[in-house]
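A short worksheet on the structure shown next.
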Amino acid sequence: MTGTDVQKEAEDSGPSGYAAARLRLLTEETRSGPPRRAALADLTDEWLTGLFAAGAEGLRGASLVAVGGYGRGELSPRSDLDLLLLHDGGDTKAVAALADRLWYPVWDLGLDLDHSVRTPAEARKTAGEDLKVQLGLLDARHIAGDLGLTASLRTAVLADWRNQAPKRLPELQELCAERAERQGELQYLLEPDMKEARGGLRDATALRAVAASWLADAPREGLADARRRLLDVRDALHLATGRATDRLALQEQDQVAAELGLLDADTLLRQVYEAARLVSYASDVTWREVGRVLRSRAVRPRLRAMLGGGKPVGERSPLAEGVVEQDGEVVLARAARPERDPVLPLRAAAAAAQAGLPLSLHAVRRLAATVRPLPTPWPAEAREQLVTLLGSGRPTIEVWEALEVEGLITQLLPDWERVRCRPQRNAVHLWTVDRHLIETAVRASEFTRRVSRPDLLLVAALLHDIGKGWPGDHSVAGEIIAKDVAARIGFDRHDVTVVATLVRHHLLLIDTATRRDLEDPATVRSVAEAVGSQGTLELLHALTEADALATGPAAWSSWRGSLVADLVKRVSAVLAGDAPDEPEEAAPTAEQERLALEAAATGSPVLSLRAQTEPPAGQEPSGDPEPLGVELLIAVPDQPGVLPAVAGVLAMHRLTVRTAELRSLYLPDGVDGSVLLLDWRVAAEYGSLPQAARLRSDLVRALDGSLDIAGRLAERDASYPRRRGVVAPAARVSVHPAASRLATVIEVRSQDAPGLLFRIGRALEDASVQVRSAHVSTLGANAVDAFYVTGPEGAPLPGDEAASVARKLEETLRG
């Protein structure tokens, strides 16, 4: 039977005919999705038109209007009918009688009905008082009666909405936020409410309302398809349950999946999550744009008055090479060329997360459309930017999701596809697999001060459950994937092994601590054999806690934490024989010795800048080695203040220190004096490198005291707008008395920042200690620095003095 036949049956047979035609339509296997919803709306229109015609005979100035979902022509099998009987206020008794002729047949069929009887003025007044009524009227559609009456109401309601948008849109945003707080996020719930949860059908309707205001518009790409998929699932849910429900309960998911022709319930949930993720992302982008427009409207009159009527231009402040901030978002610089800069997506994402700002939609889409793939293995900068992004705390999530929606994450990490939107059917888990991995990285960023290799911790956190997309033990599968990913992003063989070990054994500590006898030496020895080293144990301890905290409140407690800490202490004692011996100093190269001799002869600093290269991990040197940065070699006659002077000059010139070595160099016999040699790898924050002659000139002035580095840095910082940025873990300074026989080792773990090394160096100088050597490394956004210091006589510091220096240094960094 065709759609026309069904409608004819409804017209001929009255309510019972409509019920039969409706049932026939809903059981047709050849029609589903949008065609069925539209056909059901058309069928209902025909039936209600007949009822209206029979009841309104002789009545003028009245019309029947569909609003809400019915107004959009989208009727699910058990949707209620949202109807407005509109009248001009004339014959109210006849209108009341007509209402009875309309509503009672609907109720008699057991259909849910949301109805009202109003004049246009009453409808507009109610809409002005009740935002939900106004949203429903935005989708008003004429069914029967006086078309002009309906059209005039639609015109007036839309005009009211657009005129009142600056006031009503913030109210709508607050309503959406309150609903999200109550219902949770659709893309992560095991039993989601398809309509009310964040990213569901209510949010999709809100986006339509924003677009109708003409104030802003949602990113349209993929949004209509996401909304269609959510409606299709709700249709199948109504048919499977026979109820007007929007909650996709566990016991009904298999049946709903079968109704939609999907493989299983997990496939169903992944489709729901993907659609909800897109709606949520579109909502975030849209509400940011609404906020920007409203702020602009509020400020513009004052600015125009101040600027003589000129239109203000959004200020752009640089964040990184090719990346700037504008209007509270991170956008690409005008000179950026994504097609020539494969690291740009990660650089932009890291800069955004560190600044606590969102990536603009335009920037992400341009990157997704034009950027070329990274080479294998990745350049060192790409790996560092990934680590910086992962270590940025909560802002990482929003930035990661922006990359995810546009397909950049799976382009960077193809193995991500198997865990993307993958549900976890475990009541302990709050998140899908992919979100759990990001949550674990966020939690791990809080523990970067506890480990000597925060980069390995963060990458292992990202990958620890990557095997859940494969059959079998996810830890075993994950170890294989983690080896491949870690090598691909450029870690050397040793680091690849550590990351793979962390992934393979990420459940080892919690399982052993809670299920085994820790008094049994064999238990502790087996863990020590699996872990292998103190460094890996330290990382595994932090990963275990981060993983549990990211799982949910039921996965971690003070009791579990104490058991794991006890196990770690026992394993550490077994591994204590792995402590490293005193490192041997490498012999200077010919160039280092030449610079040292020149510095000794001239009594002033000398330096050289050159590109630093090395073959990728595991490969033999080739004719086109990978550039790793710029190597800065400086030789300075031994004197106080060298470390803060050099670090301060580099910070002034916006040079980021990636690695740094400082040591005293023994000169050949017959050459008087001693020289400090600094071998550092640096990179420009953005722009080009300064000339070596300029660096040397400023260094000379810094050493003789004529250059106020602290003042220059403070002046520069004050000239840039304050951003909320990342709330990083506090700096941690510790003393390692057994690490060296010749000096006291003070280790600093802190968030990297411009001028950090300058502040550390100046604090050590103020403490009247001599820096015998320094080993500085920047791992993503984390600085892990070790300073070998002595007292004025060249001996290690006494214990209480070393502790005092460390305490004062920590206070300086936290101040």
Side-chain angles (χ1 to χ4, degrees), residues 185-192 250 253-254 257 262-274 276-277 386 390 396-397 400-401 403-404 407 409-444 456-489 496 498-511 514 530 539-540 542-556:
E185 297 198 53
L186 176 53
Q187 60 179 313
Y188 304 122
L189 296 169
L190 273 178
E191 292 188 303
L250 286 173
Q253 290 174 10
D254 284 319
L262 300 176
L263 179 64
D264 54 26
D266 277 5
T267 306
L268 167 68
L269 281 183
R270 288 191 78 175
Q271 287 198 2
V272 169
Y273 293 162
E274 286 170 356
R277 177 169 295 181
L386 174 65
L390 295 177
T396 299
I397 296 172
W400 190 274
E401 287 182 347
L403 300 179
E404 174 76 86
I409 294 300
T410 48
Q411 182 177 330
L412 291 165
L413 303 170
D415 297 286
W416 196 259
E417 177 62 31
R418 281 183 173 262
V419 297
R420 186 173 57 82
C421 292
R422 181 172 291 276
Q424 303 202 76
R425 295 187 176 278
N426 184 323
V428 174
H429 276 279
L430 293 178
W431 312 107
T432 53
V433 177
D434 55 344
R435 176 62 184 270
H436 170 68
L437 293 175
I438 297 302
E439 284 285 334
T440 305
V442 168
R443 291 290 190 169
L456 299 184
L457 171 62
L458 292 168
V459 171
L462 180 71
L463 300 176
H464 75 280
D465 274 349
I466 197 73
K468 284 191 173 178
W470 296 81
D473 187 331
H474 76 278
S475 297
V476 175
E479 178 184 19
I480 298 169
I481 300 169
K483 280 183 180 179
D484 178 64
V485 174
R488 194 186 322 140
I489 66 178
V496 167
V498 173
V499 170
T501 300
L502 294 173
V503 172
R504 174 67 180 87
H505 296 298
H506 69 273
L507 297 174
L508 177 65
L509 295 183
I510 191 71
D511 285 351
T514 56
L539 290 165
L540 190 59
L543 175 60
T544 299
E545 186 170 350
D547 181 20
L549 289 170
T551 297
W556 191 252

Q: With Asp266 as reference, evaluate Arg422, Arg425, Lys468 under the salt bridge (Lys or Arg N to Asp or Glu O under 4.0 Å) test and give the passing residue.
A: Arg425
Are [X] and [Y] packed together at the side-chain level, in the sense that at least one heavy-atom pair is separated by less than 4.5 angstrom?
X	Y	value
Asp415	Val485	yes
Leu190	Leu269	yes
Glu439	Leu430	no

[X] and [Y]: which non-hydrogen atoms are nearest, and at how many Å?
X	Y	value
Val419	Arg270	C-NH2, 4.4 Å
Ala530	Thr501	O-CG2, 3.8 Å
Val433	Pro423	CG2-O, 4.5 Å
Arg418	Gly469	NH1-O, 2.9 Å
Glu191	Gln253	CA-NE2, 4.5 Å
Ala546	Ala444	CB-N, 3.7 Å

Between [atom1] on residue [X] and [atom2] on residue [Y], distance to nearest 0.5 Å:
X	Y	atom1	atom2	result
Asp484	Leu463	CG	CG	10.5 Å
Tyr273	Arg435	OH	CZ	13.0 Å
Leu458	Thr396	CG	OG1	9.0 Å
Leu262	Asp254	CG	CG	11.0 Å
Gln411	Ile409	CD	CD1	10.0 Å
Leu462	Thr440	CG	OG1	9.0 Å

Sequence neighbours left out, cut at 3.5 Å: what donor-acceptor pairs do the side chains of residues 473-481 make with other protein atoms?
{"from": "Asp473", "atom 1": "OD1", "to": "Ser475", "atom 2": "N", "distance (Å)": "2.8"}
{"from": "His474", "atom 1": "NE2", "to": "Asp465", "atom 2": "OD1", "distance (Å)": "3.1"}
{"from": "His474", "atom 1": "NE2", "to": "His506", "atom 2": "NE2", "distance (Å)": "3.3"}

Using a 3.5 Å cut-off and no angle test, enumerate the donor-acceptor pairs between side-chain atoms of residues 548-556 and protein atoms at least two apart in sequence or in another chain.
{"from": "Thr551", "atom 1": "OG1", "to": "Asp547", "atom 2": "O", "distance (Å)": "2.8"}

Q: Can you sort out the partners of Trp431 under side-chain hydrogen bond (donor to acceptor under 3.5 Å, both in side chains), two or more places apart, ordered by chain and number?
A: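 Scan of Trp431 (side-chain hydrogen bond (donor to acceptor under 3.5 Å, both in side chains), adjacent residues dropped) gives none.
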**Q.** Sidechain N-carboxylate O distance under 4.0 Å for Arg277, Glu274
**A.**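 Salt bridge flag = no for Glu274 with Arg277.
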(Q) Assess the residue pair Glu545 and Arg443 against the criterion (salt bridge (Lys or Arg N to Asp or Glu O under 4.0 Å)); give the C-alpha distance rounded to whole Å, side-chain angles, the decisive distance to 0.1 Å, and a yes or no. (A) CA-CA 8 Å; Glu545 186 170 350; Arg443 291 290 190 169; over 6 Å; no
Q.
Leu457 vs Leu502, test: side-chain contact (heavy atoms from CB on, under 4.5 Å). Steps then yes/no.
A. CA-CA 9 Å; Leu457 171 62; Leu502 294 173; over 6 Å; no
